[in-house]
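Counting starts at 1 for both ligands and their atoms, following the listed order. Remember, predicted model here, so these are calculated numbers, not experimental data.
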Amino acid sequence: MLPAYLWTMKIDILTVLPELLESPLSHSILKRARDKGLLEIGVHHLRKWAVNEYGQVDDYQYGGGAGMVMMPEPLANAIESLSETTRYDEIIFMTPDGEKFQQKTANQLSLKNNLLIICGHYKGIDERIRQQYVTREISIGDYVLSGGELPAAILVDAIGRLIPGVLNDETSALFDSFQDNLLAPPVYTRPADFRGARVPGILLSGDPKKIDEWRHEESLKRTRERRPDLNAND
Ligand code: ADE
């Protein structure tokens, strides 16, 4: 039994390429989250809701032009069928013209109970599905990938590690880069002297207050130098 303050988050993913999602969702921290029962992931093959026995889920676009479009019927049937057993807080479509994915998006989504993620392919999905079912459209950056599966895996990874109880040291996600609009400070491990390059002495001082101050200063410095657009509050 999970302690009372822990809950299971459920993420369903609709895709025409489930194989692409298998590995990224089955290792490391996501594996641990699933094994601990904190995260349940359902990968659903859209072809289950295909319009014919050939497994058709896409068709030519009206008005002409290269590239197929994912048909509304299989998507609507899939969403409606999955919604019979799960009340989704968000139905997310991964698309390069969506809002840009950021740490704060991951923070918000990690507080939800049930998410449905739709992976697009080809030219995209019929606009009517976006209008009638999708509640949030997310891009992982200004470049075009061949499908929404890798973006979906990135989204699930970023969200999954924030679910309470997933990381061993519960506080460690708080110090990730981008929390508080700051990049993370540099980190070191043994040896203290690597081919003449020494670990900053303060980290060996054993003084937690001084170490915290040093880390904060380094974060500010790194953010100012590398990402002045983040507006680190100095
Ligand atoms: N599908 C294709 N490219 C994408 C991107 N950059 N973000 C989200 N989904 C996508």
Ignoring hydrogens and angles, state whether a donor on the side chain of Thr15 or Glu149 is under 3.5 Å from an acceptor on the partner side chain.
yes
For Ile138, the ligand 1 atoms whose distance to one of its heavy atoms is below 4.0 Å
8 (C)
Does Asp58 reach the main-chain N or O of Met68 with its side chain, forming a donor-acceptor pair under 3.5 Å?
no
Just to check, does Gly120 reach to within less than 4.0 Å of ligand 1 when the distance is taken from its heavy atoms?
no
Are there more than 12 heavy atoms of other residues, nucleotides or ligands under 6.0 Å from atom CZ of Arg136?
yes
Atom 4 (C) of ligand 1: nearest protein contact (heavy atom, Å):
Pro96 CD, 3.7 Å
Where the side chain of Tyr54 meets the backbone of Val51, is there a donor-acceptor pair that is under 3.5 Å apart?
no
Going by distance only, is there an N or O of Gly141 that falls short of 3.5 Å from an N or O of ligand 1?
yes
Of all the non-hydrogen atoms in the protein, which one sits nearest to atom 6 (N) of ligand 1, and at what distance?
Tyr143 O, 2.7 Å
Quick one: look up the protein heavy atom nearest atom 7 (N) of ligand 1 and list residue, atom name and how far away it is.
Ile140 N, 3.0 Å
Residue from Leu111, Asn114, Leu116 passing side chain to side chain contact (heavy atoms under 4.5 Å, CB included) with Asp89:
Asn114
Using 4.0 Å as the upper bound for N to carboxylate O, is an ion pair formed by Asp207 and Lys209?
no
Mark yes or no for whether Ser110, through its side chain, and Asn107, through its backbone, hold a donor-acceptor pair below 3.5 Å.
yes
For atom 3 (N) of ligand 1, what's the nearest protein heavy atom and its distance?
Leu145 N, 3.0 Å
Using heavy atoms and a 4.0 Å limit, tell me yes or no: is Gly147 in contact with ligand 1?
yes
Does Ser146, backbone or side chain, put an N or O under 3.5 Å from an N or O of ligand 1?
no
Are the side chain of Gln61 and the backbone N or O of Ala66 linked by a donor-acceptor pair below 3.5 Å?
yes
Does Leu150 have a heavy atom less than 4.0 Å from any atom of ligand 1?
no
Any nitrogen or oxygen of Pro151, main chain or side chain, under 3.5 Å from a nitrogen or oxygen of ligand 1?
no
